[in-house]
Amino acid sequence: MNRQKRTAIFHRLKTANPAPRTELCFRTPFELLIAVILSAQATDRSVNKATERLFAVADTPGAMWALGEPRLKEYIQTIGLFNTKARNIIECCRILLERHQGLVPNNRHDLEALPGVGRKTANVVLNTAFGQPTLAVDTHILRVANRTGLARGHTPRQVEDKLTRWIPKEYLQDAHHWLILHGRYVCTARKPRCAACVIYDLCEFEDKAAYARN
DNA sequence: AACTCGGGGCA
DNA sequence: TGCCCAGAGTT
């Protein structure tokens with residue numbers, strides 16, 4: 001896919017998603033970190049429902065550490081993988097308190113050293129909390145990039161590298177959300193809504209015609 | 001690169 | 001029920 005076509009795709013996704021932002025609810029870098037850890041393999045709606053009550057009780061590493069793992073589980077038990085996530089979050093809080101003065105680190109190395117934080121979560125925090133030009137490739141972006149032909153490469157890292165290379169830095173932060181929202185509401189995993197897609201004519205998805213008739 | 005982990009939600 | 005969800009960690 002040539003650059004002109006990719007640019008056209010981004011322009012249309014931008015127009016279709018004015019004022020793009022994360023759908024996770026948070027007020028501080030710490031709340032964002034916790035929300036993103038919880039959102040792994042879970043829907044953001046179920047995460048928001050849990051964090052609304054959790055953050056009212058504990059919105060700092062100190063408070064969440066004091067809350068303790070058993071009581072933390074009570075707040076997040078409606079979220080998938082909550083046992084592992086509760087253990088990781090308590091350990092995260094301990095590390096933040098011991099090594100980072102209770103602050104969320106603003107660099108990849110320290111973020112990825114936290115349990116339950118991988119490349120994708122680190123990129124979201126760097127992008128959304130600290131305004132750094134990173135692209136967090138999740139299942140949505142991976143699917144959209146490969147299916148449309150925007151950036152083929154079946155591993156998340158390949159797609160991240162390709163997209164990061166050609167998207168202008170000043171657009172990288174918003175482009176992340178344009179892609180996510182497109183993947184979530186239009187280019188869905190199971191029954192993509194090709195009939196309503198704003199980049200239909202530019203998309204290289206082999207089966208788009210079949211779904212456009214739905 | 002492939003596999004495992006391990007629950008909720010939704011068609 | 002089966003498949004997917006704003007993945008991470010291990011082999």
Side-chain angles (χ1 to χ4, degrees), chain A residues 13 17 19-26 29 31-54 69-70 72-93 95 104-105 108-130 132 134-148 150-161 163-164 172-193 207 211 214:
Chain A
L13 291 180
N17 298 284
R21 65 179 185 280
T22 177
E23 298 195 350
L24 293 172
C25 298
F26 66 96
E31 289 189 356
L32 173 64
L33 175 66
I34 301 304
V36 179
I37 290 175
L38 290 174
S39 70
Q41 297 300 100
T43 63
D44 55 348
R45 275 188 291 268
S46 69
V47 171
N48 287 337
K49 201 164 58 179
T51 55
E52 183 180 5
R53 295 187 305 121
L54 173 62
E69 190 174 323
L72 173 58
K73 283 185 184 177
E74 294 174 14
Y75 285 95
I76 66 174
Q77 65 189 182
T78 58
I79 300 174
L81 312 181
F82 71 92
N83 283 304
T84 306
K85 289 171 181 175
R87 191 185 339 119
N88 286 340
I89 286 172
I90 294 298
E91 177 66 6
C92 274
C93 292
I95 295 175
V104 177
R108 176 182 308 286
H109 178 268
D110 289 338
L111 282 170
E112 291 189 5
L114 299 171
V117 178
R119 187 173 183 90
K120 185 265 173 182
T121 299
N123 277 350
V124 172
V125 173
L126 290 172
N127 175 324
T128 306
F130 299 116
Q132 294 185 26
T134 63
L135 187 73
V137 175
D138 62 2
T139 57
H140 286 321
I141 293 186
L142 189 65
R143 181 178 64 251
V144 170
N146 280 309
R147 186 184 278 174
T148 60
L150 195 57
R152 292 199 198 280
H154 62 288
T155 71
R157 186 56 192 272
Q158 280 178 297
V159 169
E160 179 186 328
D161 290 342
L163 289 178
T164 305
L172 208 44
Q173 198 172 358
D174 286 340
H176 170 78
H177 298 298
W178 301 336
L179 289 166
I180 290 267
L181 295 175
H182 184 67
R184 173 159 189 196
Y185 296 112
V186 182
C187 197
T188 53
R190 253 176 291 192
K191 286 173 56 184
R193 300 167 56 200
D207 297 333
Y211 288 104
N214 290 345

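Chain letters run A, B, ... following the sequence lines, proteins first and then strands; every chain starts at 1. Fair warning: this is a prediction, and the values are worked out from it, not measured in the lab.
For the P atom pair drawn from C:dA6 and B:dC3, the interatomic distance equals 24 Å after rounding to whole Å. Nucleotides C:dG2 and B:dG6 have their C1' atoms positioned 15 Å apart, rounded to a whole Å.
Here salt bridge (Lys or Arg N to Asp or Glu O under 4.0 Å) pairs that include residues 109-118 of chain A, with residues two or more places apart or in two chains, are A:Arg108-A:Glu112. The list of side chain to side chain donor-acceptor pair (under 3.5 Å) pairs with a residue in residues 72-88 of chain A, not counting sequence neighbours, reads A:Lys73-A:Asn83.
At least one side-chain heavy atom of A:Leu33 sits under 4.5 Å from a side-chain heavy atom of A:Leu114.
Separating the CG atom in A:Leu163 from the NE2 atom in A:His176 is a distance of 11.5 Å, to the nearest 0.5 Å.
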#### Entry: Under 4.0 Å protein heavy-atom contacts per nucleotide of nucleotides 4-11 of chain C, with B for base, S for backbone only and - for none
SBBBSS--

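Counted within 6.0 Å of CZ on A:Arg193, heavy atoms from surrounding residues, nucleotides or ligands total 12 or fewer; the atom is thus considered open. The environment of CZ in A:Arg53 is crowded: more than 12 heavy-atom neighbours from other residues, nucleotides or ligands sit within 6.0 Å.
Where A:Thr155 and A:Phe82 meet DNA chain B, the nucleotide closest to each residue was compared, and A:Thr155 sits on the side nearer the 5' end. Summary of the strand contacts: A:Gln158 and A:Gln77 both lie near DNA chain B, and taking for each the nucleotide with the nearest heavy atom, the more 5' one is attributed to A:Gln158.
Among the atoms of the strands shown, none is found under 4.0 Å from any heavy atom of A:Ser46.
Rounded to whole angstrom, the span from the CZ atom of A:Arg157 across to the P atom of B:dA2 amounts to 18 Å.
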